[in-house]
Amino acid sequence: MKKSLLRWQNWFLIIVFVILYAPIVFLIAYSFSSGTTMDHFGHLSGVHYIELLSDKRMLAIFLDTILIALLSSTLATIVGTLGAMAIHNAKHRQTKQTLLSFNSVLMVSPDVIIGASFLIFFTALRVPLGFWSVLLSHTAFEIPIVVLMILPRLGEMSPSLINASADLGASNWQTMSQIILPFISPGIIAGFFMAITYSLDDFAVTFFVTGNGFTTLSVEIYSRARQGISLEINALAGIMFIFSLILVVVYYLIENRKPTKPKRMGAL
């Protein structure tokens, strides 16, 4: 009975992965087609990648998208780390629950509402729509993600570590840099990479706050798709998929270096 159940679970898992990855494989496979549409597959060719590399506008948008993702995730990680510490150190339970509720608003609200809110906000303050509006918007909706990634690590940290560092005469900065940050670094790293993913994936919020000729890949692909999907987009999807795999590999390489950190803490 258990073997039968396990076999069905394995088949279900395989079906789920096929459903998830089949469209991606299909999309990338046609990026190597010599044809111009996905109606039929021509012979193998890299012509669409050559077209993509010669498309200066698309390359500029790609670099802008990566820049926005890296800058916004860095800012969100810094602010989110400080915010998570503030929530964790709140003395009153009601205060902590209130702060958590405010932190969750951007995560549970529809993207359309968030995008429209940012648009009204920037318009009221007369902030030009463009690079800075997109950067600030991405940073804002990434911060709650970082906070939620770090809070569990702070909850696992024993107060005795902080008390011991104080008894040994450590300053606040030494306690922060040598005790707290190393302990919660897995949460910080996870929050940073999740923030990058959310930034690269976002369309609805970015659609509202772009302007002055600045755009990101998601908005540009949407605009081009309305005129008919070119296989150049497939080539771009292939490159973005490889970029995502690189992020995953980098994340796991960093995670595999974690075991050395407790030794430093013990040495302190």
Side-chain angles (χ1 to χ4, degrees), residues 51-84 86-87 99 101-150 188 191-230 232-233 235-237 239-241 243-244 246-247:
E51 292 176 355
L52 178 63
L53 294 176
S54 62
D55 189 340
K56 294 182 180 180
R57 172 178 169 79
M58 184 62 82
L59 290 178
I61 293 173
F62 174 79
L63 294 177
D64 286 340
T65 302
I66 299 300
L67 179 62
I68 286 290
L70 292 176
L71 288 178
S72 63
S73 58
T74 300
L75 293 173
T77 301
I78 295 173
V79 177
T81 301
L82 297 176
I87 294 174
L99 292 174
S101 298
F102 278 118
N103 179 74
S104 302
V105 167
L106 287 175
M107 297 194 66
V108 300
S109 298
D111 289 343
V112 174
I113 301 301
I114 296 174
S117 300
F118 280 129
L119 176 60
I120 295 172
F121 176 75
F122 291 132
T123 302
L125 295 181
R126 297 184 179 179
V127 176
L129 298 181
F131 177 84
W132 291 107
S133 62
V134 175
L135 177 61
L136 292 174
S137 299
H138 281 220
T139 303
F141 69 69
E142 290 167 13
I143 290 174
I145 304 165
V146 177
V147 170
L148 291 181
M149 288 291 179
I150 296 176
I188 295 175
F192 176 76
F193 280 97
M194 283 295 294
I196 291 179
T197 302
Y198 270 69
S199 178
L200 294 175
D201 184 60
D202 181 72
F203 167 76
V205 176
T206 309
F207 183 78
F208 279 91
V209 297
T210 52
N212 295 332
F214 182 85
T215 187
T216 61
L217 282 177
S218 58
V219 178
E220 180 68 13
I221 291 173
Y222 172 76
S223 300
R224 295 195 180 195
R226 296 177 64 183
Q227 303 171 359
I229 297 178
S230 168
E232 182 182 337
I233 303 301
L236 178 62
I239 293 176
M240 290 300 296
F241 184 72
F243 180 76
S244 300
I246 292 174
L247 287 180

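Residue numbers count from 1 along this sequence.
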Could you work out, with side-chain hydrogen bond (donor to acceptor under 3.5 Å, both in side chains) as the rule, every residue matching Ser199, not counting sequence neighbours? His138
Mind checking ring pair (Phe, Tyr, Trp, His ring centres under 6.0 Å) for [X] and listing every partner two or more places apart, or none if nothing turns up?
{"X": "Phe208", "value": "none"}
{"X": "Phe121", "value": "none"}
{"X": "Tyr198", "value": "none"}
{"X": "Phe131", "value": "Phe214"}

Can you confirm whether Phe203 is buried at CZ, in the sense that more than 12 heavy atoms of other residues, nucleotides or ligands lie under 6.0 Å from that atom? yes
Give the intermediate values and the outcome of side-chain contact (heavy atoms from CB on, under 4.5 Å) for residues Leu119 and Leu129. CA-CA 8 Å; Leu119 176 60; Leu129 298 181; 3.6 Å; yes
Donor-acceptor contact present, side-chain [X] to main-chain [Y], <3.5 Å:
{"X": "Thr197", "Y": "Phe193", "value": "yes"}
{"X": "Thr139", "Y": "Leu75", "value": "no"}
{"X": "Glu51", "Y": "Glu232", "value": "no"}
{"X": "Ser109", "Y": "Ile114", "value": "no"}

Would Thr206 and Asp202 count as having a side-chain donor-acceptor pair, cut-off 3.5 Å? yes
Closest approach of Thr65 and Leu217, non-hydrogen atoms and distance? OG1-N, 3.0 Å
Report all side-chain donor-acceptor pairs from residues 57-64 shorter than 3.5 Å, counting only partners two or more places apart or in another chain.
residue: Arg57; atom: NE; partner: Glu220; partner atom: OE2; Å: 3.2
residue: Arg57; atom: NH2; partner: Glu220; partner atom: OE1; Å: 2.8

